[in-house]
Amino acid sequence: MRTTAVTAGTGRAPADSRRHELAAFLRSRRERITPEQVGLPPTGRRRTPGLRREEVAQLAAVGVTWYTWLEQGREIQVSVQVLDAVARALLLDPSERAHLFTLAGAEDPVPVRECPTVTPGVRMAVDRMAPYPAAVINSRYDVLACNAQYTGIVGDLEQLPPEDRNLMWLAFTPSRFRDVLVDHEAERDVMVARFRSGMGEYGTEPAWRTLLARLRRASPVFDEAWRRHDVVRPGNGLKRFLVPEAGLLRLEYTSYWLGPVQGPRMVVYTPKDEETAALLTRLPTRLPSALAAGATGGAGAGAAAGTAGGAGTVTGTGAAGVR
C-alpha cells in the first residue's frame, strides 16, 4: 500500500519535482556535516563525506528506513514535527530551514520572525522625506522607524515601551495617535481588515498572536471589528489629522514596499492641498530625543546639530540620527 506525502494543513501531496529537490537538498546538507559537529565519535576514514543516513535518523529520532526514503524522494507521510527534528539534526540555519519546509509543502511550527531592523540606507531615506512625515511600518503595524515630522503627528514613540510602538495598539487604546486621527472609527475598521489580511500569512508567528490577544483583551471595539472577519489588502489612501500644534492636515499616504507586499513598507504622507502644505512647516524638524540632548549639551554638538537642521530617525529600539 502506497502512502502519500501530506502537506500540513492542506492535505495535498508535494509535486514530484519538489520531492526530488527536497531529497537532493537533504543529501547536500547531510554531506557537509562531520560527526564531530554533532557530538558523534569519529569513526575513521569514510567512503563519502558527512554523516551517514542512519546517524541523521538517530539524531532526529526517526526511523532509518523512513529517513532513507525521504532522501530518495519517495512519497511518504511527512509531519512538521519530524521536519523540525531533521532541521535541527542537520544544523540548518534560518534560510535553510525555511527552504526545507517550503520544499516539503509544510508550515513551519517555529517560523523565522520578521526582522525588525532597518538599514542605515532606509533610515536615511525616511529622514530625507522631510518636510513630509514618513515612517517604516511592517504588516503588523509596528513602527520600525520614523522622522521628526511623523512624531509631530503621532507623538514621541520613544517614550513608549517597544511593544506599544504599534499603530493598531495606539488606535484602539488611549493615545495621541487616536486623538488626532479625525476619522478614527472608519480608519480603525480598515486597519483591522488589513491586519487580518496579514494574519493569513503570518498568523502562526508568536508576535502576531501576542498582539492579537492583547488587542482583544484591551479593546471591545477591536474585538467586535475582529469578529466581522473583514479583509482588505494593503494600499494607499487619504488620512486627516487634527494636530494641536499645526491644525487640520489632509495627507495622502503612499506605501513604498521594502520587501514582499505584506512585509515592511515606507509610508510617506504628502499634502492633499496647499493649506496642508503650509501647515506642515509647523511640525517639528528635530526628534524629541535630539531636542533633549541639545538642551543638556548646551551650545556644543547638540546646538550645532540644531543649526544644521538634522531630523534624525526614531527606530524600534531607539533613535538613530542620520546626517
Side-chain angles (χ1 to χ4, degrees), residues 2-117 138-140 198-213 259-260 262-264:
R2 192 171 88 171
T3 59
T4 302
V6 176
T7 298
T10 66
R12 296 194 301 270
D16 288 348
S17 60
R18 281 209 311 193
R19 283 191 289 104
H20 294 152
E21 178 65 23
L22 173 62
F25 177 68
L26 289 173
R27 189 161 52 250
S28 70
R29 301 304 91 177
R30 172 174 61 82
E31 291 175 349
R32 71 176 183 173
I33 300 175
T34 65
E36 291 81 3
Q37 285 179 278
V38 292
L40 296 176
T43 57
R45 186 177 180 84
R46 298 186 173 215
R47 290 182 299 174
T48 57
L51 298 175
R52 299 187 178 99
R53 285 172 176 166
E54 56 266 28
E55 290 171 332
V56 176
Q58 175 189 341
L59 292 168
V62 300
V64 176
T65 300
W66 182 93
Y67 182 78
T68 300
W69 286 353
L70 185 62
E71 264 203 20
Q72 291 174 345
R74 298 195 188 188
E75 290 187 70
I76 59 174
Q77 187 172 9
V78 182
S79 72
V80 293
Q81 292 79 12
V82 169
L83 288 171
D84 177 64
V86 169
R88 296 177 189 275
L90 294 176
L91 307 179
L92 301 187
D93 66 23
S95 296
E96 292 168 334
R97 178 187 174 94
H99 188 58
L100 169 67
F101 277 84
T102 298
L103 291 177
E107 185 176 283
D108 190 348
V110 189
V112 179
R113 294 187 181 186
E114 183 180 294
C115 181
T117 58
N138 63 15
S139 52
R140 200 170 52 243
M199 283 288 290
E201 183 172 353
Y202 298 106
T204 60
E205 295 189 16
W208 282 77
R209 291 183 175 275
T210 299
L211 177 59
L212 176 60
Q262 289 284 64

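Residues: numbered from 1 along the sequence shown.
Contact annotation: the side chain of Leu40 approaches that of Gln58 to within less than 4.5 Å [non-hydrogen atoms, C-beta and beyond]. Residues Leu70 and Leu22 meet the side-chain proximity criterion, which asks for heavy atoms closer than 4.5 Å. Between Leu83 and Arg97, the closest side-chain pair of non-hydrogen atoms is not below 4.5 Å. Considering only heavy atoms from C-beta on, Leu90 stays 4.5 Å or farther from Leu59 through its side chain.
Distance CZ/Arg140 to OG1/Thr210: 9.0 Å, rounded to 0.5 Å. Atom-to-atom distance recorded for Leu103:CG and Phe101:CZ is 11.5 Å, nearest 0.5 angstrom. Between His20 atom NE2 and Gln72 atom CD the span is 10.5 Å, to the nearest 0.5 Å. Here the straight-line distance linking atom CZ of Phe25 with atom CD of Glu71 works out to 11.5 Å at 0.5 Å rounding. With rounding to the nearest 0.5 angstrom, the CG atom of Asp93 is 11.5 Å from the NE2 atom of His99. Note that CE of Met199 is 5.0 Å distant from CG of Leu212, once rounded to the nearest 0.5 Å.
In this structure Glu96 satisfies the salt bridge (charged side-chain N to carboxylate O under 4.0 Å, His left out) test together with Arg29, Arg32, sequence neighbours excluded. For Gln37, the side chain to side chain donor-acceptor pair (under 3.5 Å) criterion is met by Thr34, not counting sequence neighbours. With sequence neighbours excluded, the residues that form a side chain to side chain contact (heavy atoms under 4.5 Å, CB included) with Glu54 are Arg52, Val64.
Closest non-hydrogen pair, Ala60 versus Ala85, comes out as O-CB, 3.5 Å. Gly73 approaches Ala23 most closely through the heavy-atom pair N-CB, 3.7 Å.
For Arg30 (side chain) and Leu51 (main-chain N/O), a donor-acceptor pair under 3.5 Å exists by modelled atom type.
The local environment of CH2 in Trp69 is sparse, with at most 12 non-hydrogen atoms from other residues, nucleotides or ligands closer than 6.0 Å.
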Checklist entry - Under the side chain to side chain contact (heavy atoms under 4.5 Å, CB included) criterion, do Leu92 and Val86 qualify, and how do the steps go? => result CA-CA 9 Å; Leu92 301 187; Val86 169; over 6 Å; no
